[in-house]
Amino acid sequence: MEKSLFQFIWKNSSRYQVAILLVTILSYPVSYILLDLPKTITNEAIQGSNFPVELFGVQLGQIQYLAVLCILFLVLVVVSNCIKLYLNVYKGRLGERMLRQLRFELFQRVLRFRLPHFKKVSSGEIIPMITAEVEDVGGFVGEAFALPAYQGGMLVVQVGFIFMQDPLLGLAAISLYPVQGYIIPKLQQKVVRLSRQRVKNVRVIADKVGESISGISEIHSNDTSAWHSADLSDRLYRNFRIRFDIYNRKYFIKFVNNFMNQLTPFFFYFIGGYLVIKGQLSIGALIAVIAAYKDLAGPWKELLAYYQMTADVSVKYQTVVENFDPPDLYDKQRLLDDESLVLKGPLTLDKLGLSGVGTGQEVHGVSLKVEPGKPLAISGVDGSGRAELLQMAAGLLSPTSGSVSVNQTSFENMSESTLGRQIAYVGGHLHVWTGTIRDNLFYGLRHRPQEKVEYEGSDLRKRQRQLKEAAMTLNPYFDLKARWEDYELADAGSMQELEDKALELCKLAGFSRDLYLLGVETVINPTETEELNGGLMPKLVEARKALREKIQNDVKLQNLVEFWDPEKFNMSANLAQNLFFASPKEHFMTIEHVPNDPQISAFLKETGFDVLLTDIGLQIAKTMVELFADVSADSELLNRYSFISREDLPEFARIVNEQKGEQRRKRLKDVDRARLIALALKLIPAKHRLGVLDDDMRDKVVAARAKFMETVGRDNERFEFFDPDTYLTTLSIEDNLVFGHARLDRRDARQKIQQVLQELVRERDLIGPIRRAAFDYQVGVAGAKLSSHQRRLICLVRALLKNAHIYVLDETANSVSETDKTLREDLRKLMSDKILMFGVSNESVAEEFSTTVHLENGRVIER
Amino acid sequence: MTIDAEVQALSRVPLFQGLEPSKLRLLAFISDRMEFQDGEHLCHQGDDGDSAFVVLSGEVAVFVDENEVARVGQYAIIGEIAILCDVPRTATLRSVGTTHILAISKDDFLKLIAEFPKVSLEIMRVLALRLEKTTRELAQARPAST
């Protein structure tokens with residue numbers, strides 16, 4: 001990568017820089033005339049006397065001449081501003097393109113880092129480098145050449161003018177430039193050093209914050225928040241000190257510069273005055289020189305600012321780029337190649353060694369040959385080098401000596417398109433991506449887009465523009481909207497078959513039960529997956545009715561659920577659900593947000609519910625304030641039972657206080673009214689039993705449902721109504737099937753219902769489709785909503801699905817439990833013609849395998 | 001039934017008799033109101049006791065070693081020892097017909113006591129009276145047996 005900022009800019013944008021320069025130079029005469037014209041207007045058109053004047057062969061009177069000059073002035077104003085606008089947009093766009101290119105290059109370099117490099121760098125440091133630190137480069141690119149050229153040119157012209165008036169004064173004008181030219185860079189050097197420190201310090205801050213987040217449970221379990229606070233606070237103080245130093249120096253530079261600039265007129269007055277008195281210089285010339293010197297200040301200031309910015313951006317660029325140039329970076333081609341060799345035959349590990357890493361991670365001279373169909377167990381405790389050996393066998397880690405090869409082709413010479421497709425690895429550290437289970441299972445098949453999306457009309461133009469920009473910034477052309485799953489790799493012909501295959505493998509991996517449980521919680525994505533699942537939604541609606549019947553006809557089960565009934569108030573649901581009888585499609589639509597929504601607040605006003613709800617809210621607030629007034633703020637009682645949070649309680653106490661006495665509603669502020677309405681909407685009558693809803697009120701709520709549906713329209717973009725005959729795409733499968741609320745006053749109601757639900761689903765052959773629906777389940781950030789066992793199984797299925805030639809499994813299904821034992825047998829069966837290396841720490845597990853290699857301290861131990 | 005009715009029921013429970021109405025209200029609010037169908041169990045003998053039950057309506061049969069020993073009705077409190085100390089349930093409770101029960105959980109009750117020392121004083125007083133009564137009864141019973 002280019003080591004200096006200017007190299008980077010020139011190499012990637014020289015063409016555009018020249019264009020900017022040309023337009024800038026072009027604008028120079030325009031702005032010169034524009035500056036000169038007012039003088040002509042006042043001197044010649046307004047105060048002049050030799051009329052008519054001749055202009056381009058036309059005789060003009062005074063008024064006409066004035067009009068012509070003023071119109072010319074107007075035209076030039078427009079032209080000059082248009083040039084400026086064009087230039088600014090051009091520079092801005094160029095800057096953004098260069099920034100995009102730089103960021104992409106940096107990210108691609110991250111992808112090219114070898115695994116051990118990630119032991120030295122943390123994401124907390126890398127992220128600000130790619131995002132915030134290079135940001136200023138974008139603003140600088142457009143100015144990099146044009147500004148010094150333009151302002152430098154101005155300066156030369158002005159200095160030349162002074163020299164032409166009098167060489168001595170010219171010398172006087174530039175006499176301090178050498179001094180400035182010597183002192184300012186000296187001072188700036190220190191600033192650059194400080195900027196470098198600052199950048200590094202901010203990186204450490206980012207890293208520490210990141211580390212605190214990932215280690216948050218350790219912080220809490222060890223009560224070390226004070227230590228971390230002190231640590232970070234110390235860094236912040238350091239940051240303050242550095243910044244303060246920078247300010248001091250920066251403004252001192254400004255001070256020196258200003259001072260020197262104003263020192264020069266001293267010479268003018270002194271030397272110039274002397275010359276005028278001696279009669280060697282005319283007073284007019286002196287005044288002209290002083291005026292010209294004033295004009296010098298502008299460009300000189302700009303140049304100084306430019307100089308400081310260059311120093312600042314350069315140092316930022318360098319401090320970023322030096323981190324992305326480790327000597328052992330993978331070759332770029334390794335990432336870009338799309339050709340995949342088909343690996344066949346045995347895997348050979350030849351005198352494999354790994355050194356220069358931590359103790360317990362070293363491997364010494366391991367030679368092995370693994371034949372297809374002959375699974376090999378690598379046994380060894382943690383720290384025996386097992387994990388590293390297996391990572392080398394999977395092509396993830398480069399050995400420091402020896403080689404891993406198939407058919408005499410070393411892994412070092414293979415591109416990722418071969419290694420990543422022909423080898424599957426599930427190791428100790430695995431990662432589940434944020435997204436759906438589907439995204440994760442099919443992740444191993446997403447190497448390149450598998451089809452070309454045909455665009456039309458405006459979409460086509462958008463795509464073409466995107467491609468053009470990609471070309472200009474050396475970004476890839478891949479279409480994110482295309483289908484990326486390579487069905488063929490998994491021996492499937494369509495998405496449907498691929499899913500079938502995945503379900504089969506989930507079953508083998510023992511993930512089926514989990515899939516069902518996750519499936520029940522899934523919110524189905526109606527557009528994509530519904531067709532694949534053979535019209536599951538109507539079947540679920542049928543099942544909903546059957547379930548309702550079953551529950552209602554069973555003495556033991558009846559009254560466990562309060563179903564959604566358009567004609568009945570649901571005591572186990574909150575008032576919002578009861579009133580709107582709908583579920584919002586927008587995620588941001590929380591109850592707090594409801595009273596502020598224009599559509600809803602109009603509805604509330606129209607039906608008079610704004611007043612009713614405010615009253616209910618006020619009653620609730622009163623009771624809550626009364627009940628919890630003298631409960632101490634940190635009591636759990638408050639957190640658990642009051643549906644006003646501890647922070648909000650004083651606010652509500654204030655509202656309740658203000659609403660005592662007459663003409664109260666008049667004084668109620670809109671914000672407070674919204675709060676009270678939101679509070680009322682949260683009320684669950686069966687749970688809170690506050691007695692604020694009488695029968696009459698409940699009837700009113702039920703009656704208002706139809707009105708609400710009328711107001712927003714039956715088919716609208718924002719709400720889905722609780723209609724017993726429709727599947728609700730905003731609710732989970734379970735909520736859709738139960739279609740009501742488990743009663744809160746019945747013990748274990750939810751568990752009992754879930755049991756009945758499962759029986760019913762089994763009878764109706766819906767288990768399979770529900771498992772399939774689980775593919776839509778959102779796994780949370782990095783799979784946070786899954787257990788670690790579930791994450792491992794997903795990674796295992798992901799690996800199995802991609803049908804690789806070499807399987808390297810470590811710390812996976814390696815316990816002595818029966819389930820794992822069966823799974824291992826199934827895996828061995830499944831891989832009867834593949835290479836399987838299986839890492840185990842338990843000797844008895846290793847004995848199941850026909851061949852076992854035992855590792856100790858990175859060496860193979862013969863037994 | 002609203003919280004007011006529950007407060008009324010609680011006020012009739014001897015253990016809570018001395019409590020201020022506002023604390024009773026809080027106690028009612030933090031307790032769970034449950035409905036039990038005919039034959040449903042409230043708790044089983046030998047389980048860990050985690051809550052006391054106040055009968056709001058209906059009837060509850062008390063079984064010890066599978067023999068019915070008593071029936072209790074409205075405003076009775078059952079299993080109150082469980083919310084003060086860790087003892088296994090000494091009896092099985094079964095709903096007769098549909099009953100409504102207010103279940104006071106041990107954790108929440110203890111939190112309430114921690115929050116309001118006066119409440120614990122009142123409870124202590126009631127317990128002391130009971131102890132005194134038991135001691136006296138025991139003293140009266142002893143000479144007769146010897």
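Every chain is numbered from 1, with letters handed out A, B, ... down the list of sequences. No hydrogens, no waters, no symmetry mates; every other heavy atom, side chains included, goes into these values.
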Handout entry: Winner by heavy-atom pair count (cut-off under 4.5 Å) against chain B, out of Leu627(A), Thr623(A), Val692(A), Leu690(A)
Key = Leu627(A)

Problem - Between His100(B) and Ser57(B), a side-chain donor and acceptor under 3.5 Å - result: yes

Practice task
Check whether more than 12 heavy atoms from other residues, nucleotides or ligands sit under 6.0 Å from atom NZ of Lys785(A), and answer yes or no.
Solution key: yes

Problem - Contacting region of Leu102(B) [heavy-atom separation from chain A under 4.5 Å] - result: side chain

Handout entry: chain A interface, residue from Lys111(B), Gln37(B), Met34(B), Glu35(B) that has the most non-hydrogen pairs under 4.5 Å
Key = Glu35(B)

Practice task
Look at Lys545(A) together with Glu549(A) and state whether they make a salt bridge at an N to O cut-off of under 4.0 Å.
Solution key: no

Practice task
Measure from NZ or CZ of Arg548(A) to the centre of the six-membered ring of Phe739(A) and say whether it is under 6.0 Å with the direction within 45° of the ring axis.
Solution key: no

Practice task
Show your working on salt bridge (charged side-chain N to carboxylate O under 4.0 Å, His left out) between Arg89(B) and Asp48(B) and close with a plain yes or no.
Solution key: CA-CA 6 Å; Arg89(B) 294 280 188 207; Asp48(B) 284 339; over 6 Å; no

Exercise for the section: Ignoring hydrogens and angles, state whether a donor on the side chain of Arg705(A) or Asn578(A) is under 3.5 Å from an acceptor on the partner side chain. Expected result: yes

Problem - Met571(A), part contacting chain B, at a heavy-atom distance under 4.5 Å - result: neither

Completion exercise
Contact list (residues 744-760 of chain A to chain B, heavy-atom gap under 4.5 Å, by number) returns Asp745(A), Arg746(A), Arg747(A), Lys752(A)

Exercise for the section: Let me know if Leu112(B) has heavy atoms under 4.5 Å from chain A in its side chain, its backbone, both or neither. Expected result: both

Completion exercise
The ring-ring contact (aromatic ring centres under 6.0 Å, His included) partners of Phe722(A) (sequence neighbours excluded) come to Trp564(A), Phe581(A)

Handout entry: Donor-acceptor pair between Ser732(A) and Glu521(A) side chains, under 3.5 angstrom
Key = no

